[in-house]
Amino acid sequence: MPTFVFNPGHITVPPWVADLDSFGRWVDSDEFPEQGRVSFFHGTVWMDSGMEQPFTHNLVKLWISIVLAQLARDRQLGRFYADRMRLRHDNADLSTEPDGMLVSYESTRTDRIRLVEGTATEYREFEGTPDMVLEVLSDSSEQKDRVDLRESYHLAGIDEYWLVDARCEPLEFDILRRASRGYISTRHQSDGWVRSRVFGRSFKLVRSMGPDEQPEFTLEHRD
C-alpha cells in the first residue's frame, strides 16, 4: 500500500489505490476529485486541496506560462501546457500535474511522449517525457518540488526543470539541466539572466509592484 502525504480537505483516496496503475484507474474514474492537486510518486499519494496563494504562486505560473506558450508557438518548438495537464511516466513511477510543461513537436513525432485517451474524459494524461517542466513552490509543496519531483523528473528523462520560489526576497528562479546523476543549476549571469537550452534563449524573472501595491511578475527573454 502507498503512503500518504497531504493536506486532504475533503479528498478521500479509495482503498484499492495501491500502485501507479491503480492510481491511474482512479484518475480516470468519476471518483477522482475535480479540485485540488493529487500526485503519485515514490509509492506515495500526495494531495493538497488548499487554495493557491495569489501573489507567490498563481500569478507567477500564469505569467511564465503566457510567455513560454507564446514562445513555443512563435518559434514552432511545440506546445506549452499550463497546469492541470496530467503527466505519467511508468519508469519513474510518476503521475502528477506540473505547473507547466513543454511538449516539443519532435518529442511527439518520435513518440517520446503521447496523449492517452480516457474513459471519463476525452484525454486522461500525457504519457512519456516532456522537454521541460515548471514548478512554482508553495509552503505545502516545498519537499515535493525541491526533492521528490526533482528525483522523479530526472528518472523520467526530462531535459530541463524550471523551479521558482517567489516567497522570498530576492526570488529564486532556477533552470535545472539534466546530467547523468541528477539535475544541476544553470549558471546565472551577473545581471540575473539564465540560459535555457530547450528554448534556445536566456530568461530573467522580474518582480515589481502593481498599482494596487501587490506584486507583478514579468518573464523577460532575449537571444
Crowding at [atom1], [X] (>12 non-hydrogen neighbours, <6.0 Å):
X	atom1	result
Arg73	CZ	no
Arg197	CZ	no
Arg187	CZ	no
Arg84	CZ	yes
Gln76	CD	no

List the atom of [X], the atom of [Y], and the distance in Å for their closest heavy-atom pair.
X	Y	value
Val27	Arg124	CG1-CG, 4.0 Å
Pro130	Ile113	N-CD1, 3.6 Å
Ser107	Thr110	O-OG1, 3.4 Å
Phe203	Ser196	CE1-CB, 3.7 Å
Trp16	Ser22	CZ3-O, 3.3 Å
Ser39	Thr96	OG-OG1, 2.6 Å

Hey, is the main chain of [Y] close enough, under 3.5 Å, to the side chain of [X] for a donor-acceptor pair?
X	Y	value
Ser152	Leu149	no
His154	Ala179	yes
Asp131	Ser104	yes
Lys204	Asp191	yes

Worked verdict on Val38 versus Trp26 for side-chain contact (heavy atoms from CB on, under 4.5 Å) = CA-CA 11 Å; Val38 186; Trp26 182 36; 3.9 Å; yes

Side chain proximity check, [X] to [Y], heavy atoms < 4.5 angstrom:
X	Y	result
Thr108	Val103	yes
Gln53	Leu59	no
Tyr161	Glu135	yes
Leu87	Ile158	yes
Trp63	Thr218	no
Leu77	Leu71	no
Asp139	Arg167	yes

Is [Y] reachable from [X] through a run of hydrophobic residues whose side-chain heavy atoms are each under 4.5 Å from the next?
X	Y	result
Val194	Leu176	no
Val136	Phe80	yes
Phe126	Leu68	no
Phe55	Met51	no
Leu94	Leu134	no

Just by distance, with hydrogens left out, do [X] and [Y] show a side-chain donor and acceptor under 3.5 Å apart?
X	Y	answer
Thr129	His89	yes
Glu160	Tyr183	no
Arg86	Ser95	yes

From [atom1] ([X]) to [atom2] ([Y]), nearest 0.5 Å:
X	Y	atom1	atom2	result
Leu115	Met85	CG	CE	6.0 Å
His57	Asp83	NE2	CG	7.5 Å
His221	Arg195	NE2	CZ	12.0 Å
Ser202	Glu220	OG	CD	12.0 Å
Arg88	Arg114	CZ	CZ	9.5 Å
Gln143	Leu137	CD	CG	11.0 Å

Write out all pairs satisfying salt bridge (Lys or Arg N to Asp or Glu O under 4.0 Å) with one or both partners inside residues 168-179, taking only residues at least two apart or from two chains.
-> Arg146-Glu172, Glu169-Arg207

Could you give me the CA-CA distance, side-chain angles and deciding distance for Asp165 and Leu171, then say whether side-chain contact (heavy atoms from CB on, under 4.5 Å) is met?
-> CA-CA 6 Å; Asp165 188 354; Leu171 60 77; over 6 Å; no

Ring-face cation contact, Trp46 with Arg37, 6.0 Å cut, 45° max | no

Parallel, tilted or perpendicular: which fits the ring planes of Phe40 and Phe23, with parallel below 30° and perpendicular above 60°?
-> tilted

Could you list the donor-acceptor pairs under 3.5 angstrom formed between side-chain atoms of residues 210-217 and any protein atom two or more places apart in sequence or on another chain?
| from | atom 1 | to | atom 2 | distance (Å) |
| --- | --- | --- | --- | --- |
| Asp212 | OD1 | Gln214 | N | 3.1 |

Is any NZ, NE, NH1 or NH2 atom of the basic residue among Asp145 and Lys61 found under 4.0 Å from an Asp or Glu carboxylate oxygen of the other?
-> no

Arg150/Asp148 salt bridge by N-O under 4.0 Å criterion | no

Before giving the answer on side-chain contact (heavy atoms from CB on, under 4.5 Å), spell out for Phe199 and Met132 the whole-Å C-alpha distance, their side-chain angles and the decisive distance to 0.1 Å.
-> CA-CA 9 Å; Phe199 283 92; Met132 64 80 67; 3.9 Å; yes

CA sep, side-chain torsions, deciding dist, call: Asn91, Leu155, side-chain contact (heavy atoms from CB on, under 4.5 Å) | CA-CA 7 Å; Asn91 289 343; Leu155 284 172; over 6 Å; no

